[in-house]
Amino acid sequence: MNGLQRATLDSLTTEPYDILIVGGGIYGAMAAREAGMRGYRTALVEQGDFGGGASHNSLKIVHGGIRYVQHLDVMRLRASVRERAFWRHVAPELVKPLDFTIPLTGYGVKGPIVFGAAAMLYRALELGLRGPEFGGAGVVNAAVARQQLGQLAPKDLTGGGVWRDGQMLDTGRMQIAALSAAARYGVHIANYMAVDALAHSDGRVGGASVTDLTNGGTGKISARVVLSCTGGSAKSLASKVIYSEAQDRFPTFARALNIVVDRQIGDRALGIVGTEKSDAIVDRGGRMYFLTPWSGLTIIGTHEAPACSHGTDAAVADFLDILNRAAPALELKSTDVLHTFDGMIPADVDDDRTGSVRRQTAGTLLDHTSDGAAGLISVIGVKYTTARAIAARAMDVAALQLGGVPASKEMQRQSLTEKLPNAAHLPVDLDDIEALTPRMDHAMQHEMAMTLDDAVKRRMPLAESGAFSGSEGAKRYAQLKNIAVEIGLSPEQFPHRKALKKPA
């Protein structure tokens, strides 16, 4: 891999593009890859760092969609199965198979007979799409389930539901790999390049005015199509150029919380059933939470709450209370939490009286031609797993606006099979701070890290592994600031950086 090089403001504003992608999370990155593969002259800009928002707030699971059996959603199930196989194929060093076990109780809807029937249906629906490493959904008896669940097994256990999904080992490296794939096709890419406003005239969007947050420079990027992959900010970005009634087409958002705890649970992901009502059509008795092993630690998620709920510390406390009530043997304390992923997801929230959250299962793809803004397309994803699929659909819409046709069968095959470039994986030794210098330098020179946080929190999974938690972690981070200055990384955020907008 030759590495990522940041596009300058001058290079971005010199000649017009076919497509300008706004937003550098995994959805923007995969859209850039797709656009580049189709031969479009493309630019991607991100106002912060790549993958610093919802893409980083992840349980790190590549879902095959077994949950959609409960929702009776066959199309999304098969799409998830296909995309799980895609990620494993294109990034085998970053996506590994992971076995799951959930407790089954009684002999009704929560028991082994019903789950066994669902697993049989799932196996039938995934045929031809799952790839060679993702079979095996089914039921194990109570003795095997108790052995796998250990202290998390409920007293009334009657069996275990088992299946295999994928696990991303490092979302930061996956982000860089996806962007590198786009760069390989000539896509121009820049982080810390904020869109101030969309260029809009006579009912058409023709690019955007931008500010380079590293130096305060401003300019206009011209493009025939603008694809907004800005998540919770998509409505705000579009609101100035679309009809007011069209704003109702955007989804609402809720809060999603995943935590990393200093526990080891073995080599498989384990489910526990909370007391909160499930959002599935076939309600198995409560919301399911998963404990997934990762780097000798455990990631637990996902807790969902209304967007206006209280601060992170209080939200974590609520989540720990839910987990401890669901599985008292966990005895989790706030001191066990090494890192918190706290972000926004598209979701429907019931009225203020209940405050319950129903996660949306489908992404949102909006062509704003009929909204008074031809040339503008908005994408709001719900799953990391389906980023490539949604990107392909968005590019088909863009192709029509550019006067072309959707992707051919050959292009669809290439999109699914062409592997991502390998992202760097240099050793990290936290006991030798100076030894981190080469890795930080590599992040700056080849992975477009601009600040210390970019290098150590998103190019290396140090923050989420607890490297900066507690007093010792604070000291370690202070030492890294000195190294950052020495090698040319900005130790702080840029003074021109604008506050990220929260979803309306």
Side-chain angles (χ1 to χ4, degrees), residues 1-7 21 23-37 42-58 60 62 86-96 166-193 214 229 231 294-295 341 381 384-385 387-388 391 418-428 436-465 467 484 487-490:
M1 167 177 127
N2 295 325
L4 290 170
Q5 298 299 317
R6 184 175 185 265
I21 298 169
I26 194 60
Y27 274 73
M30 294 309 290
R33 170 184 179 265
E34 191 78 21
M37 291 176 70
T42 305
L44 180 151
V45 296
E46 160 61 46
Q47 69 174 347
D49 187 32
F50 304 119
S55 296
H56 193 63
N57 179 23
S58 170
K60 300 186 188 298
V62 182
F86 159 77
W87 287 112
R88 173 63 176 156
H89 171 75
V90 302
E93 77 284 2
L94 293 177
V95 177
K96 304 295 184 183
Q167 181 180 44
M168 289 179 289
L169 303 183
D170 188 335
T171 53
R173 285 176 62 206
M174 184 71 84
Q175 186 76 36
I176 295 302
L179 290 167
S180 298
R184 187 168 57 187
Y185 288 103
V187 176
H188 295 174
I189 300 170
N191 51 358
Y192 298 101
M193 189 74 67
T214 68
C229 298
W294 175 78
S295 294
F341 299 102
Y384 200 114
T385 306
R388 186 218 62 89
E418 185 162 314
K419 292 191 175 183
L420 302 181
N422 289 331
H425 183 50
L426 303 178
V428 173
L436 278 174
T437 303
R439 181 65 185 93
M440 291 171 63
D441 185 69
H442 182 92
M444 180 178 67
Q445 299 294 338
H446 302 288
E447 299 172 341
M448 221 184 291
M450 305 291 289
T451 74
L452 175 61
D453 278 1
D454 299 347
V456 300
K457 294 184 178 180
R458 288 177 288 276
R459 306 304 184 271
M460 297 174 270
L462 295 183
E464 55 201 78
S465 63
I487 66 175
L489 277 171
S490 172

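Treat the numbers as computed from the prediction; the structure is a model and nothing was measured.
- In terms of heavy atoms, Trp87 sits closest to Thr385 at NE1-O, 2.8 Å.
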Test His446 against Ile176 for side-chain contact (heavy atoms from CB on, under 4.5 Å), laying out the working first. CA-CA 10 Å; His446 302 288; Ile176 295 302; over 6 Å; no
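- Counting heavy atoms from C-beta outward, Arg458 and Phe50 have side chains that stay 4.5 Å or more apart.
- A pairwise comparison of heavy atoms in Lys96 and Pro92 identifies NZ-O, 3.0 Å as the closest pair.
- Contact of the Val456 side chain with the Arg439 side chain is not registered, since no non-hydrogen atoms from C-beta on lie closer than 4.5 Å.
- Residues Gln175 and His56 have side chains that never bring a donor and an acceptor to within less than 3.5 angstrom of each other.
- The distance from atom SG of Cys229 to atom CD of Glu46, rounded to the nearest 0.5 Å, is 10.5 Å.
- Listed by chain and number, the residues in a side-chain hydrogen bond (donor to acceptor under 3.5 Å, both in side chains) with Asp170 amount to none (sequence neighbours excluded).
- Side chain of Ser55 to main chain of Ile26: a donor-acceptor pair is present (N/O by atom type, distance under 3.5 Å, no hydrogens or angles).
- Taking 4.5 Å as the limit, every side-chain heavy atom of Glu34 sits out of range of all side-chain heavy atoms of Ile21.
- At least one donor-acceptor pair under 3.5 Å links the side chain of Asn191 to the backbone N or O of Met448.
- Of the possible donor and acceptor atoms, one in the side chain of Gln5 sits under 3.5 Å from a partner among the backbone N and O of Gln445.
- The distance from atom CG of Asp49 to atom NZ of Lys457, rounded to the nearest 0.5 Å, is 11.5 Å.
- Separation of atoms CD1 (Ile189) and CZ (Arg6) is listed at 12.0 Å; rounding is to 0.5 Å.
- In this structure Arg184 satisfies the side chain to side chain contact (heavy atoms under 4.5 Å, CB included) test together with Ala181, Glu418, Pro421, sequence neighbours excluded.
- Judged purely by atom type and a 3.5 angstrom limit, Asp454 uses its side chain to pair as donor or acceptor with the backbone of Thr451.
- The distance from the CG atom of Leu489 to the CE atom of Met440 is 5.5 Å, given to the nearest 0.5 Å.
- The shortest distance between side-chain heavy atoms of Arg173 and Arg459 does not fall below 4.5 Å.
- Among all heavy-atom pairs drawn from Gly36 and Val187, the shortest one is CA-CG2, 4.1 Å.
- Atoms CE and OG1, on Met37 and Thr42 in that order, are 12.5 Å from each other to the nearest 0.5 Å.
- Between Ala183 and Leu4 the shortest heavy-atom distance is CB-CD2, 3.8 Å.
- Nearest heavy atom pair, residue Ala182 against residue Ala29, reads CB-O, 4.4 Å.
- In terms of the side chain to side chain contact (heavy atoms under 4.5 Å, CB included) criterion, residue partners of Met168 (sequence neighbours excluded) are, by chain and number, Ser58, Lys60, Val62, Val95, Thr171, Met174, Tyr384.
- Of all the heavy atoms in Leu44 and Gly28, the pair that sits closest is CD1-O, 3.3 Å.
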